[in-house]
Amino acid sequence: MSIEYATRQLPVVVIGAGPVGLAAAAHLTGCGVPPLVLEAGAAAGAAIGNWRHVRLFSSWRDNVDPVAARLLDTAGWAAPDPTHRPTGAELIEEYLLPLAKLPPLADRIRYRARVDGITRLGLDRTRGAGRDAAPFVVRLADGTEHLARAVVDASGTWHNPNHLGGEGLPAIGETSATAYLDFALPDVLGADRAAHASRHTVVVGAGHSAANTLLDLVELAAQQPGTRITWAVRRTRVDPVFAPGDSDALPARGAIGTRLRQLIDDGQITLESGFVTHRVTVLPSSRTAATGPAVRLSTRDGRAVVADRVVVATGFRADHRIGAELRLDVDPVLGASRGLATLLDPDLPRSWSAPPHGVTELRHPEPGYFVVGIKSYGRASAFLMATGYRQVRQVAAQLAGTTAATRPARCHPTVPVATGVAGRTAADHRPSPVAVFR
Ligand SMILES: Cc1cc2nc3c(=O)[nH]c(=O)nc-3n(C[C@H](O)[C@H](O)[C@H](O)COP(=O)(O)OP(=O)(O)OC[C@H]3O[C@@H](n4cnc5c(N)ncnc54)[C@H](O)[C@@H]3O)c2cc1C
């Protein structure tokens with residue numbers, strides 16, 4: 001038996017059982033390609049489990065993958081109201097857990113299986129001969145190895161948050177100040193209430209995690225006198241970050257922009273714009289007094305904010321270390337695949353997303369390795385699950401057969417696979433606000 005033939009008999013390893021990894025498994029199954037899902041956490045949706053209390057800005061209609069929904073329907077799933085916007089907890093309990101328990105997928109998922117590295121059998125990154133035919137080796141943290149014919153990396157970005165420092169490096173003093181820092185999305189109305197009630201919190205960052213925390217803190221301030229809120233952003237204006245009202249493609253997101261503007265104008269949130277955090281200092285009084293300001297954030301030009309706690313909501317970035325022995329072509333600005341990066345303009349407001357794209361844009365020089373889901377966007381922040389579902393539909397179709405004629409009909413992509421990127425610029429693909437996510 002040739003190596004190539006044997007490789008084709010191997011499963012496609014999917015890394016991560018988040019919404020996009022599970023959708024990948026559903027699509028691969030539908031295409032007749034056996035998946036093996038390796039999930040670091042103890043259950044499906046482990047990363048979302050960290051923001052269970054947050055309400056999504058997209059509704060069930062856009063949060064459920066169509067092929068996964070069909071599998072669930074067959075098993076008698078009570079589909080949620082398509083117009084309702086679930087919380088993270090609802091997304092897990094009403095969709096991801098039931099999906100992961102379905103017989104075609106349940107046996108194909110391994111939990112507490114953290115992938116540590118990926119390579120090719122018998123080859124390191126420098127060796128080219130026989131590379132395409134050699135199986136992938138996917139190694140777990142416990143030393144177990146799985147062979148795979150292809151790898152779909154849907155491992156997300158949750159475990160790789162950006163630093164507090166506004167220039168990309170950690171702020172000076174960041175490590176010593178961790179006792180006073182909350183990384184994205186503390187539950188300030190629930191489990192983390194005591195740390196923020198009647199205290200001064202500074203929220204750093206300008207994405208939707210920051211917005212969620214700010215709105216929850218405003219609610220806390222209404223219940224708990226003495227709660228103060230400062231919002232520190234690098235940009236000199238927040239409007240381009242949050243497109244208020246009608247100018248956002250998703251109404252719930254636009255409403256957040258409008259509300260934040262009002263809260264700043266009403267003085268409920270103090271805005272520090274153009275604030276590039278350089279240093280964080282733990283104040284001597286915080287070591288002796290139970291209350292009182294604990295930390296000072298300062299910029300290079302001498303501006304400072306003194307607060308009790310800092311919420312670091314500066315976003316996330318893709319971590320490509322597990323693919324270090326693969327041949328990757330990563331955009332130097334965004335850390336996305338170079339093809340996809342041409343569609344993701346870092347200067348666009350966060351309310352915009354890339355237009356539908358093909359599998360070509362996801363390709364790396366390493367054949368058979370695809371990064372999908374939120375990790376595929378690198379440092380770009382406007383990823384939506386609906387985009388990930390379209391990605392995995394196309395990747396599964398690609399892996400199921402090289403031509404449309406030989407590919408099973410049920411896994412044909414809805415948009416052309418080979419869209420190519422040659423000669424295109426980001427400007428050619430600037431999305432329209434109404435057409436992006438449908
Ligand atoms: C607060 C918040 C709100 C959001 N709201 C919306 C919204 O309203 N609508 C929308 O469309 N999108 C939203 N998003 C963006 C995005 O759609 C979600 O983050 C979504 O969870 C991304 O899905 P994913 O499958 O790509 O990654 P994840 O959900 O992060 O899943 C990745 C999985 O991989 C696992 N994993 C990580 N590393 C490894 C490893 N080395 N080995 C094995 N497993 C690993 C993780 O445990 C996790 O289960 C939101 C994001 C955040 C943070």
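Whatever order the structure lists ligands and atoms in, that order sets their numbers, starting from 1. Computation of the quantities below employed the complete heavy-atom set of this structure, encompassing side-chain atoms and omitting hydrogens, waters and symmetry-equivalent molecules.
- Within the 4.0 Å heavy-atom criterion, the part of Leu38 lying near ligand 1 is the backbone and not the side chain.
- Summarising the geometry of Gln268 relative to Val218, their closest heavy-atom pair is OE1-CG1, 3.6 Å, with the distance given to 0.1 Å.
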His196 vs Thr201, side-chain hydrogen bond (donor to acceptor under 3.5 Å, both in side chains): CA-CA, chis, key distance, verdict: CA-CA 7 Å; His196 301 273; Thr201 298; 2.9 Å; yes
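- At a threshold of 4.0 Å, the pair Arg52-Glu93 counts as salt-bridged, since one of the basic side-chain nitrogens sits closer than that to a carboxylate oxygen.
- Under 4.0 angstrom from ligand 1, the non-hydrogen atoms of Trp51 all belong to its side chain.
- Under the 3.5 Å distance criterion, with hydrogens and angles disregarded, no donor-acceptor pair is assigned to the side chains of Tyr95 and Asn63.
- Heavy atoms of Ala184 come nearer than 4.0 angstrom to ligand 1 in no pair at all.
- The ligand atoms of ligand 1 that sit less than 4.0 angstrom from a heavy atom of Ile48 are 21 (O), 29 (O).
- Side-chain contact between Val395 and Leu362: present, with at least one pair of heavy atoms (C-beta onward) separated by less than 4.5 Å.
- Within the 4.0 Å heavy-atom shell around ligand 1 one does not find Ile322.
- Atoms of ligand 1 lying under 4.0 Å from at least one heavy atom of Met385, given by number and element, are 9 (N), 10 (C), 11 (O), 12 (N), 17 (O).
- Put simply, the side chain of Gln394 gets close to the backbone of His357: a donor and an acceptor are under 3.5 Å apart.
- The nearest non-hydrogen atom to atom 40 (C) of ligand 1, considering only Val37, Val20, Asn50, Val115, comes from Val115.
- Using a 4.0 Å cut-off to heavy atoms of Phe383, the atoms of ligand 1 that qualify are 12 (N), 15 (C), 16 (C), 17 (O).
- Contact atoms of ligand 1 toward Glu39: 33 (C), 34 (O), 35 (C), 43 (C), 44 (N), 46 (C), 47 (O), 48 (C), 49 (O) (distance under 4.0 Å to a heavy atom of the residue).
- Of all atoms in ligand 1, numbered sequentially from 1 with element shown, those under 4.0 Å from a heavy atom of Ala47 are 30 (O), 48 (C), 49 (O).
- Ligand 1 has no nitrogen or oxygen under 3.5 angstrom from a nitrogen or oxygen of Val54.
- Checking only distances, Ala40 does come within under 3.5 Å of ligand 1, N or O to N or O.
- Contacts of Ile15 with ligand 1, taken as heavy-atom pairs under 4.0 Å, involve the side chain alone.
- The backbone N or O of Phe316 lies less than 3.5 Å from no partner atom in the side chain of Thr157, so there is not a single donor-acceptor pair.
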Sequence neighbours excluded and cut-off under 3.5 Å, please list the side-chain donor-acceptor pairs for residues 323-334, or say none.
from, atom 1, to, atom 2, distance (Å)
Glu325, OE1, Arg125, N, 3.0
Arg327, NE, Arg125, O, 2.9
Arg327, NH2, Arg125, O, 3.0
Arg327, NH2, Arg127, O, 3.4
Asp329, OD1, Arg338, NE, 2.7
Asp329, OD1, Arg338, NH2, 2.9
Asp329, OD2, Arg338, NE, 3.2
Asp331, OD2, Val333, N, 3.1
Asp331, OD2, Leu334, N, 2.7

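- Applying the side chain to side chain donor-acceptor pair (under 3.5 Å) rule to Thr74 yields no partners; only residues at least two apart in sequence or on another chain are considered.
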Derivation of the side-chain hydrogen bond (donor to acceptor under 3.5 Å, both in side chains) call for Asn162 and Arg317: CA-CA 6 Å; Asn162 287 328; Arg317 56 178 79 172; 2.6 Å; yes
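- Here Ala113 has backbone heavy atoms under 4.0 Å from ligand 1, and that is the only part of it that gets that close.
- When non-hydrogen atoms are compared, ligand 1 lies under 4.0 Å from the backbone of Ala154 (N, CA, C, O) but not from its side chain.
- At least one donor-acceptor pair closer than 3.5 Å links the side chain of Asp192 to the backbone N or O of Asp187.
- Taking every non-hydrogen atom of Ala46 and a distance limit under 4.0 Å, the qualifying atoms of ligand 1 come out as 47 (O), 49 (O).
- Close contacts of ligand 1 with Gly373, meaning ligand atoms under 4.0 Å from a residue heavy atom, involve 26 (O).
- Within the structure, the closest approach of His208 to ligand 1 does not fall below 4.0 Å when heavy atoms are considered.
- Interface atoms of ligand 1 facing Leu185, defined by a heavy-atom separation under 4.0 Å, are 1 (C).
- Within the set Ser155, Ala386, Ala17, the minimum heavy-atom distance to atom 38 (N) of ligand 1 is found for Ser155.
- Across every non-hydrogen atom of Leu22 and Leu96, the tightest pair is CD1-O, 3.7 Å.
- When only interatomic distances are considered, the shortest N/O to N/O separation between Ser58 and ligand 1 falls below 3.5 Å.
- Judged by the 6.0 Å and 45° rule, Arg85 forms no cation-pi pair with Phe57.
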